[in-house]
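Labels below follow one simple rule: chain letters A, B, ... track the order of the sequence lines, proteins then strands, and each chain is numbered from 1.
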Protein chains: 2
Amino acid sequence: MGLTKSDLFTKEQNDLANMAKAIAHPARIAILQYLVKKNACVTGDLVEELGLAQATTSQHLKELKNAGIIQGTVEGASVCYCIDPKVWKQYKNVFHTFFGEVKIEDSSCC
Amino acid sequence: MGLTKSDLFTKEQNDLANMAKAIAHPARIAILQYLVKKNACVTGDLVEELGLAQATTSQHLKELKNAGIIQGTVEGASVCYCIDPKVWKQYKNVFHTFFGEVKIEDSSCC
DNA sequence: AAAACCCATCGTAATATTGCGATATGGGTT
DNA sequence: AACCCATATCGCAATATTACGATGGGTTTT
């Protein structure tokens with residue numbers, strides 16, 4: 001079917017899954033790392049950096065923007081992208097909480 | 001095409017993307033949370049807990065096992081699953097590093 | 001041994017994702 | 001205005017994911 005049954009799960013579970021999905025592609029990871037490193041850049045730079053077609057790069061940027069983790073501002077003919085620090089921290093916290101909330105014993109299995 | 005061009009990216013980027021993909025579904029999040037809470041449990045418990053069909057649940061368990069984050073041991077007719085603490089910590093570290101390696105200034109955009 | 005149970009896998013259908021060429025849009029330039 | 005440049009979006013093809021019923025191989029129970 002390909003249609004996730006979101007109604008079976010809590011908002012927190014769906015939210016975390018969507019956050020994970022936002023970064024579940026190496027191109028999007030690469031975009032985020034580049035933005036962190038360079039602080040900000042325009043689409044054309046990312047097209048060069050990634051080696052993907054312009055249309056594909058634009059699509060990944062759109063997904064990251066929809067996820068809220070980056071923001072783009074028009075600068076003449078170009079669009080300048082950067083990390084949204086507020087959302088970035090939120091991601092950081094959510095993942096940290098998920099992985100850290102309970103300590104796992106070192107040989108807990110049956 | 002639906003085929004990620006993995007060769008364009010580093011091993012680290014592909015690895016992180018795959019780790020994110022492993023938890024990029026609310027059912028898999030729910031499975032992990034349940035395993036953390038209960039420490040260990042058999043497939044049947046998870047089928048009840050999730051509300052998904054047995055086949056679907058088994059498929060999600062397989063993906064988590066392939067990702068290495070859980071392990072299953074046969075116990076008579078049942079299979080007992082639990083978190084792999086070593087891999088869990090690895091996930092925790094990788095995500096923590098990714099989100100925390102560089103501090104983002106609070107108004108860095110153009 | 002038969003019945004009942006637990007679980008993985010197969011096969012299939014529906015939907016989502018990835019990627020790119022082509023096209024559109026909106027600046028800037030001459 | 002005519003012309004480039006930078007991006008976004010559309011439309012399409014290929015592949016991946018999600019979900020479930022059905023089947024099959026074990027294990028326990030009767």
* **DNA chain C contacts among residues 42-50 of chain B, heavy-atom distance under 4.0 Å** => B:V42, B:T43, B:G44
* Starting from P on C:dT18, measure out to CG on A:L64 and report it in whole angstrom. => 11 Å
* **Spacing of B:N66 atom CG and B:N18 atom CG [to the nearest 0.5 Å]** => 11.0 Å
* Asked: Hey, can you pull the residues of residues 13-24 of chain A with a non-hydrogen atom under 4.0 angstrom from DNA chain C?
  -> A:K21
* Which residues satisfy the side chain to side chain donor-acceptor pair (under 3.5 Å) test with A:T10, sequence neighbours excluded? -> A:Q13
* Less than 4.5 Å apart, any side-chain heavy atom of B:L52 and any of A:L8? -> yes
* Asked: Where does the angle between the aromatic ring planes of B:F95 and B:F99 fall among parallel (under 30°), tilted (30 to 60°) and perpendicular (over 60°)?
  -> parallel
* Structure fact -> The contact string for nucleotides 19-30 of chain D, one letter per nucleotide 5' to 3', using protein heavy atoms under 4.0 Å with B, S and - for base, sugar-phosphate only and none, comes out as BBB-----SS--
* Asked: With a 4.5 Å limit on heavy-atom distance, are the side chains of B:Y81 and B:V42 in contact?
  -> no
* Can you get from B:V94 to A:L32 by hopping between Ile, Leu, Val, Met, Phe, Trp and Tyr side chains that sit under 4.5 Å apart? -> yes
* Asked: Under 3.5 Å, side chain of B:S58 to main-chain N/O of B:Q54, donor-acceptor pair present?
  -> no
* Verify, without hydrogens or angle tests, whether A:N14 (side chain) and A:S6 (backbone) share a donor-acceptor contact under 3.5 angstrom. => yes
* Asked: Could you state the interatomic distance from NZ (B:K21) to CD1 (B:I23), rounded to the nearest 0.5 Å?
  -> 13.0 Å
* **side-chain N/O A:Y81 vs D:dA8 OP1/OP2, d < 4.0 Å** => yes
* Asked: Which residue pairs pass the ring pair (Phe, Tyr, Trp, His ring centres under 6.0 Å) test with at least one member in residues 6-47 of chain A, sequence neighbours excluded?
  -> A:H25-A:H60
* For A:D7 and D:dT18, give me the distance from atom CG to atom P, rounded to whole Å. => 16 Å
* Counting Watson-Crick and G-U wobble pairs whose two distances are both under 3.5 Å, find the runs of 3 or more in a row that involve DNA chain C. => C:1-27 with D:4-30
* B:R28 side chain vs B:L64 backbone, donor-acceptor pair below 3.5 Å -> no
* Asked: Can you tell if the side chain of B:I70 reaches within under 4.5 Å of the side chain of B:C82, non-hydrogen atoms only?
  -> no
* With respect to the side chain of A:K62, which nucleotide from C:dC7, D:dT7, D:dT9 is positioned closest? -> D:dT9
* To do: From the options B:I69, B:I83, B:L61, select the one residue that forms a side chain to side chain contact (heavy atoms under 4.5 Å, CB included) with B:I31.
  => B:L61
